[in-house]
Amino acid sequence: MGKENPYILAIESSCDETSAAVLHGRKSLSNIIASQKVHEKYGGVVPELASRAHQANIVPVVHQALEAAGVEMKQLDAVAFTQGPGLTGSLLVGTAFAKSMSLALNIPLIAVNHMQAHVLAHFIADNDEQTFPSFPFLCLTVSGGHTQIVRVDMPLTMSVIGETIDDAAGEAFDKAAKVLGLPYPGGPEVDKLARTGNALRFSFPHPQVPGFDYSFSGLKTSLLYLLRDIRFETAKADNSLLADICASYQKTIVDYLLVKFKGASVKLGITQLCLAGGVSANSELRNRFTAMCSSEKCDGFIPPFAYCTDNAAMIGIAAYFKFMAGDFASLHFTPKAKMEF
Ligand code: KG4
Ligand code: ZN
């Protein structure tokens with residue numbers, strides 16, 4: 001295409017957030033996110049309800065993104081969408097919408113891998129003082145569906161060197177919140193309660209998994225045993241109990257995430273370290289990661305909150321790199337529930 005600062009409309013619809021953003025080069029001009037409240041009463045995302053909500057949201061969300069950016073459809077140089085991984089029905093809404101826009105406006109279509117986009121969120125340029133990771137770097141991507149240590153050699157050249165063999169870190173937060181009677185999504189609730197709790201009151205074992213892989217499913221079981229042993233249902237009148245459980249449980253997750261991440265950094269000799277994904281909004285993970293980077297003499301990068309949880313600006317930045325590389329999609333592209341890099 002040869003254009004240095006393309007205008008790209010990006011659409012994210014992989015799970016329960018309908019989001020659209022407009023980027024000018026690497027700068028995000030707008031990033032509109034419609035969260036779906038419909039799932040709250042079920043304590044988790046209901047796929048069929050998610051796709052229906054995406055259908056209702058997508059037109060107004062795209063409209064708002066263009067309006068907030070002050071960009072007209074005819075100025076767009078490309079339209080990007082999340083191809084996967086995610087819920088098939090949800091992905092289908094964004095995919096079909098992006099394809100129709102590409103066809104109607106006669107502009108290229110760009111397919112983005114959601115997990116690659118979480119990593120590349122670090123390159124969204126919002127202000128002049130910003131610093132960016134240099135290559136190669138390691139990214140700990142922690143979300144509701146994934147936990148990965150990714151080695152990034154170039155914007156579009158990355159490989160997973162370790163990942164969870166069962167539940168994701170976000171799932172460990174959400175499942176704990178559910179058994180503790182907290183609302184969905186539980187991660188932010190556990191984070192909030194943990195701030196006033198004693199993290200040393202309870203201890204949970206670290207799962208033993210070789211290499212840089214993780215396992216989180218046993219942690220939830222340990223929590224269930226603890227709740228049974230302390231007779232949680234009757235003991236929870238003790239105000240500090242819930243906060244102490246949240247703080248102890250959160251500390252275990254953060255310790256475990258960072259001990260492995262640090263091990264990967266030491267073993268590979270890579271000192272540029274990044275966090276990404278919804279769980280990187282967690283206050284303890286952010287603080288402890290920053291402290292670890294300074295004690296290990298590494299450069300640490302954490303995205304602003306708006307780019308941690310699912311958002312279309314991160315799809316836009318990944319699309320920017322693909323646009324520059326001339327990597328376009330065809331109208332035959334279909335959503336992929338599972339998708340490798
Ligand atoms: O990246 P994301 O928005 O969606 C996926 O791609 O999965 O991540 C969502 C996950 C949820 O599990 C949510 O509970 C978790 O991120 N999360 C948090 C916090 N904010 C969001 N977990 C712990 N502490 C938080 N502050
Ligand atoms: Zn995500």
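Side chains included, hydrogens not; waters and symmetry mates left out as well; all remaining heavy atoms used.
- Annotation: ring pair (Phe, Tyr, Trp, His ring centres under 6.0 Å) contacts involving residues 246-275, sequence neighbours excluded, comprise Phe204-Tyr249, His206-Tyr256, Tyr214-Tyr256, Phe216-Tyr256.
- Residues His146 and Thr141 are not in side-chain contact: their nearest non-hydrogen atoms beyond the backbone lie 4.5 Å or more apart.
- In this structure, the side chains of Met339 and His114 stay at 4.5 Å or more apart for every pair of heavy atoms.
- Between the side chain of Ser102 and the backbone N or O of Ile107 there is at least one donor-acceptor pair closer than 3.5 Å.
- Using a 3.5 Å distance cut-off with no hydrogens or angles, the side chains of Asp299 and Gln272 do pair a donor with an acceptor.
- Lys322 pairs with exactly one of Ile110, Ile317, Asn113 by the side chain to side chain contact (heavy atoms under 4.5 Å, CB included) rule, that one being Ile110.
- More than 12 non-hydrogen atoms from other residues, nucleotides or ligands lie less than 6.0 angstrom from CE of Met324.
- Although no hydrogens or angles enter the test, the distance criterion places no donor-acceptor pair under 3.5 Å between the side chain of Asp77 and the main chain of Ile8.
- Interatomic distance, Asp244 CG to Arg201 CZ, rounded to the nearest 0.5 Å: 4.5 Å.
- For Gln250 and Ser248, the side-chain atoms include no donor-acceptor pair closer than 3.5 Å.
- Relative to the ring axis of Phe137, Arg151 does not place its NZ or CZ within 45° and under 6.0 Å from the centre.
- Judged purely by distance below 3.5 Å, without hydrogens or angles, the side chains of His118 and Asp310 pair a donor atom with an acceptor atom.
- Here the NE2 atom belonging to His39 is positioned 10.5 Å from the NZ atom belonging to Lys37, to the nearest 0.5 angstrom.
- Ring centroids of Phe123 and Phe135 are separated by less than 6.0 Å, placing the two rings close together.
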Might you work through the salt bridge (Lys or Arg N to Asp or Glu O under 4.0 Å) test for Asp213 and Lys260, ending with a clear yes or no? CA-CA 8 Å; Asp213 286 340; Lys260 288 241 168 181; over 6 Å; no
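- Val152 and Leu268 are assigned to two separate hydrophobic clusters, defined by single-linkage of ILVMFWY side chains at heavy-atom distances under 4.5 Å.
- Of the inter-residue distances, the one linking Glu296 atom CD with Thr271 atom OG1 reads 11.0 Å to the nearest 0.5 angstrom.
- Within the 4.5 Å cutoff, the side chain of Ile149 has no heavy atoms near those of the Cys139 side chain.
- Within a 6.0 Å radius of NZ in Lys336, no more than 12 heavy atoms belonging to other residues, nucleotides or ligands are found.
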Decide yes or no on salt bridge (Lys or Arg N to Asp or Glu O under 4.0 Å) for Arg195 and Asp191, but give the supporting numbers first. CA-CA 7 Å; Arg195 278 174 213 165; Asp191 188 356; 3.3 Å; yes
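- Aromatic pair Phe323/Phe321: centroids not less than 6.0 angstrom apart.
- The main-chain N or O of Asp166 is found under 3.5 Å from a side-chain atom of Thr164 such that the two form a donor-acceptor pair.
- Note on Tyr7 and Leu23: separate hydrophobic clusters, where clusters join Ile, Leu, Val, Met, Phe, Trp and Tyr whose side-chain heavy atoms are under 4.5 Å apart, directly or indirectly.
- Atom CG of Asn106 has 12 or fewer neighbouring heavy atoms from other residues, nucleotides or ligands inside a 6.0 Å radius.
- Side-chain atoms of Asn57 never come within 3.5 Å of backbone atoms of Pro60 as a donor-acceptor pair (strictly under, hydrogens ignored).
- Side-chain contact check for Asp126 versus Tyr307: some heavy-atom pair is nearer than 4.5 Å.
- Here CE of Met158 is found 10.0 Å from CD of Gln148. Values are rounded to the nearest 0.5 Å.
- With Gln130 contributing its side chain and Ile124 its backbone, the two residues share a donor-acceptor pair below 3.5 Å.
- Between the Thr147 side chain and the Ala169 main chain, a donor and an acceptor come within less than 3.5 Å of each other.
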Just do the salt bridge (Lys or Arg N to Asp or Glu O under 4.0 Å) check on Lys251 and Glu284 with the steps written out, would you? CA-CA 8 Å; Lys251 179 179 182 305; Glu284 177 159 358; over 6 Å; no
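- Taking each heavy atom of Pro205 and Ser222 in turn, the nearest pair found is CD-OG, 3.7 Å.
- A 4.5 Å side-chain heavy-atom check between Gln83 and Val112 finds every atom pair outside the cut-off.
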How far apart are the C-alpha atoms of Phe301 and Thr131, what are their side-chain angles, what is the distance that settles it, and do they pass the side chain to side chain contact (heavy atoms under 4.5 Å, CB included) test? CA-CA 9 Å; Phe301 300 85; Thr131 53; 3.7 Å; yes
